[in-house]
Each structure stands twice: as C-alpha cells, then as structure tokens.
Trainee: 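First the structure, which I've put down as structure tokens, then a few questions once you've had a look.
Reckoned from all heavy atoms, side chains included, excluding hydrogens, waters and symmetry mates. Atoms within a ligand are numbered from 1 in the order they appear, just like the ligands themselves.
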Amino acid sequence: MLAVLDRLARPLLRLVDPEDAHSLALAALRLAPLARPAAEDARLAVTAFGLTFPNPIGVAPGLDKNALVPDALLRLGFGFVEVGTVTPRPQSGNPRPRLFRLDRDEGVINRLGFNNDGAEAVLRRLASRAHHGGIVGVNVGANKDSPDRVSDYVRLIETFAPVASYFTVNVSSPNTPGLRNLQQGHILDDLLAKVIDTRERVRTKAGDTPVLLKIAPDLSLAELDEVVQVARSRKVDGMIVANTTVARPSTLREVARAKEQGGLSGRPLFRLSTRMVAETYVRVEGAFPLIGTGGIDSGGAALTKIRAGASLIQLYSSLTYKGLSLVEDIKRDLSSTLLRTGRDLLSEIVGADAATITAEAWPV
Ligand SMILES: Cc1cc2nc3c(=O)[nH]c(=O)nc-3n(C[C@H](O)[C@H](O)[C@H](O)COP(=O)(O)O)c2cc1C
C-alpha cells in the first residue's frame, strides 16, 4: 500500500519546494495505514553497542528531527531510527530556502541549522511511544545561541536517557557556526568526558544507554587520528561516519545548485564517506563498532559500506530519489549476497575491504 502511494507521490513531490515535500511526506507517513513489516532474515541481525538490531539499515537523523514518525519508519522495515538533531530549546533554523535537490547528481544540499521542536516536545512524543519498543536513537546537539554548548549536551543526555535506545553526540553539522570545532582534541575530550559521566550518573534510573559520536567527512587524517584516540580513551560505544560534507566533488553536474552553502549528501558523498569509514575502522582496531552513512542508495552501495567497516548503515538522501521501498530492496540484496557467498552472518564481512580502500587514491 505505502509502496504504491510512494511510487505515485514521488513525481508529484518533485514539483514542490523540497522542504514542503518533506513535510508532506511526513504527514503521509503519520496518516498512512501500515501493513505489518515483512519477516526479517535472521542472518541480517546485528548485535552492537549492547543492542540487537533486527537488520542493519537505519534511518539517518534529519529525516524525523522531531520524532513524529519513528513507529511508521520501523514498520516500513528499518532496523532502527535515529531522531533529531534535538537541541534543548526549540529553534527555527536558518531562513528558507535552505534545502536543495541536486537531481542530476542524486544529491541534496541542506543548511537547515538544527530546526527542531526542542527537547520538551520531542521527549513527550518519545515517552508516549516507548511501549512500542524498537530501536530509536536520539541525536543531540547544541542551540545556536547557547552560551555553554557542552552543558547543552549534558542536559540532553539527562533528559532523554529514559527513552533513548542510544545517543548520538552530533559535533559535525556544518550548519551551526563553530559546532564542528567541538571535534578538536581537547574540546572533544572535555565534551565526551562530561557526556559519559552524565550517562553513568543517570544509569541507575535510566539504564545503560550507549553513546555514539558522529563525525564530519571533512576531517583531515591527522584530525581523525586525534578524534579516534579521544573516542577510544573516553570509551564511547561507537562512531557514526559521517555527516554531510562542505566539499563539492569535481564530478557534480548541478554546478549552479552546488554553489549553495550547506552540507552535501546523497550519491556525491558516497566515495568520501566510505573512505572515511575505512580510515576510521583501521584506527579503531575493533574497540567499538561503526555506523556508516553517506550516499547509500542500493544493495551494492550498502555492501561496500559494510565491507569498508560499517556494522550498521543509515539512509536519508537516497530515500528522496529511490523511495521508501529501498529499505526492503537493500535487505533482499544483502540476504542474497550472504546466500551466494555461503556466509552465516553479515558481521563476517564487516571491514573486509578497509585495508584495500585506505590504500587507494584519495577520492576527489
Ligand atoms: C535534509 C537533511 C537534514 C539533516 N539533518 C541532520 C541532523 O539534524 N543531524 C545529523 O546528525 N545529521 C543530519 N543530516 C545528515 C544525515 O543524517 C546523514 O549523515 C547524511 O545526509 C549522509 O547520509 P545520506 O547521503 O544517506 O543522506 C541531515 C541530512 C539531510 C539531507
């Protein structure tokens, strides 16, 4: 039912402003009667950060910033949903237009700037759906005008610990000026120390909530060395690689649109973000698992990301171009790959190509 609606609606949604199209799609998801999800292939289940994911394909944050439709997304077959980025106080974000499609590149540029309903509203929604279960992570960030950004993260961990399956500490959005400076060694060390300390403090009340760190694909390898070293020493539970890029690959065809300021995602981000997954994987040395995100738009792309080092993957931009049925297509492809190669579990191929990928020429 939804797949049919999706196929009919997508050409029409292309005709309206991308942000209006996004709001319409969320409204449709809230209203559409959803069938039961198809049965899961047990070989695609992944255990990571102490959680068991029914399959490795998640919804990346940004799609459901305000936790309006996590259950609809789970029932479409996603293994997990990450809501947010949520900031302590509601925020309207940058002036519109701030979301652009690069149709010929199957890419997206956004400079939304953490527009969201704020912690109180999002907490209310997550608390009211908690009995449904399923893995719903909460991506947290600082308000643009916050006088103390570190304390924003701390407050959010306290607030959401009872309802979050995991946390993502987002220090990599390019659309809040100065936010990415939190990736600098000593600043990151202080931030993660306080975040982990807060998680420990609320543990008796809220349980053991994994904390993941989401990084930008634009870090230099020297910066990545430092980030991974801090993440390991502060014992985060995992990393998400990567957020959108401020780079503009030379291969882009939508040259005029590419000049818009903001973070680029979708297919043009695939090579860079996959390289960063592999670079992170070799530095982490198995200390914790990675979630790979950036330009995954097919079973083949999902497999490449997993072989680069991702135990789990997340999608966003490709859903605009390929539709929501993409999740089932990718699962089918991953299952048939396992069958064809005689593997019992997806985890057997995680990172299989990391060393090869890190030896290739840098993607431009
Ligand atoms: C419109 C839009 C909004 C986004 N908002 C957020 C956000 O609030 N927090 C975040 O961590 N990432 C955000 N992202 C980044 C995505 O979560 C993801 O890391 C990135 O888009 C790469 O995946 P993709 O190529 O599959 O889209 C956003 C991406 C897009 C396109």
Trainee: If the cut-off is 4.0 Å to any non-hydrogen atom of Leu99, which atoms of ligand 1 fall inside it?
Mentor: 1 (C)
Trainee: Counting only heavy atoms from other residues, nucleotides and ligands, does the tally under 6.0 Å from NZ of Lys65 exceed 12?
Mentor: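 Above 12, so yes.
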Trainee: Tell me, do Leu269 and Pro217 make a side-chain contact under 4.5 Å, heavy atoms counted?
Mentor: yes
Trainee: Is the contact between Leu112 and ligand 1 made by the side chain, the backbone, both, or neither, using heavy atoms and a 4.0 Å cut-off?
Mentor: side chain
Trainee: Indicate whether the side chain of Ser335 and that of Asp333 have a donor and an acceptor atom separated by less than 3.5 Å.
Mentor: no
Trainee: Just to check, does Gly295 reach to within less than 4.0 Å of ligand 1 when the distance is taken from its heavy atoms?
Mentor: yes
Trainee: Could you say whether the N/O atoms of Thr244 and ligand 1 ever approach to under 3.5 Å?
Mentor: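 Not met; the criterion fails.
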Trainee: I'd like to know if Arg257 pairs up with Asp105 as an ion pair, taking the criterion as any Lys NZ or Arg NE/NH1/NH2 lying under 4.0 Å from an Asp or Glu carboxylate oxygen.
Mentor: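 No.
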Trainee: Could you tell me if any non-hydrogen atom of Gly266 lies under 4.0 Å from any atom of ligand 1?
Mentor: yes
Trainee: Okay, side chain of Asp152, backbone of Asn143: is any donor-acceptor separation there less than 3.5 Å?
Mentor: yes
Trainee: Would you say Arg248's side chain and Lys259's backbone share a donor-acceptor pair under 3.5 angstrom?
Mentor: no
Trainee: Under 4.0 Å between a Lys/Arg side-chain N and an Asp/Glu carboxylate O for Arg332 and Asp329?
Mentor: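 Yes, Arg332 and Asp329 are salt-bridged.
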Trainee: Nearest protein heavy atom to atom 13 (C) of ligand 1, by residue and atom, and its distance?
Mentor: Pro61 O, 3.2 Å
Trainee: Under 4.0 Å from any heavy atom of Thr293, which atoms of ligand 1 are there?
Mentor: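 Matching atoms, with element in brackets: 18 (C), 19 (O), 22 (C), 23 (O).
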Trainee: Side chain, backbone, both or neither: which part of Asn116 comes within less than 4.0 Å of ligand 1 when only heavy atoms are counted?
Mentor: neither
Trainee: Does the residue Ala242 have a heavy-atom contact with ligand 1, meaning some pair of atoms that are separated by less than 4.0 Å?
Mentor: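 The answer is yes, since Ala242 has a heavy atom less than 4.0 Å from ligand 1.
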Trainee: Give me the residue, atom name and distance of the protein heavy atom closest to atom 26 (O) of ligand 1.
Mentor: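 Looking only at protein heavy atoms, the one closest to atom 26 (O) of ligand 1 is Tyr316 N, 3.1 Å.
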Trainee: Quick test of your reading of the structure: of Lys214, Arg111, Lys65, Glu106, whose heavy atom lies closest to atom 8 (O) of ligand 1?
Mentor: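 Considering heavy atoms of Lys214, Arg111, Lys65, Glu106, the nearest to atom 8 (O) of ligand 1 sits in Lys65.
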Trainee: Is the closest basic N to carboxylate O distance between Arg101 and Glu254 below 4.0 Å?
Mentor: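 Here Arg101 does not pair with Glu254 in a salt bridge, since their nearest N and O are not under 4.0 Å apart.
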Trainee: I'd like to know if Lys322 pairs up with Glu106 as an ion pair, taking the criterion as any Lys NZ or Arg NE/NH1/NH2 lying under 4.0 Å from an Asp or Glu carboxylate oxygen.
Mentor: yes
Trainee: Can you tell me the protein heavy atom closest to atom 15 (C) of ligand 1 and the distance?
Mentor: Asn243 OD1, 3.5 Å
Trainee: Identify the protein heavy atom lying closest to atom 27 (O) of ligand 1, giving its residue, its atom name and the separation to 0.1 Å.
Mentor: Ser317 OG, 2.6 Å
Trainee: Among all protein heavy atoms in this structure, tell me which lies nearest to atom 21 (O) of ligand 1, with the distance rounded to 0.1 Å.
Mentor: Ser265 CB, 3.2 Å
Trainee: To the nearest 0.1 Å, how far is atom 9 (N) of ligand 1 from its closest protein heavy atom, and which atom is that?
Mentor: Thr85 OG1, 2.7 Å
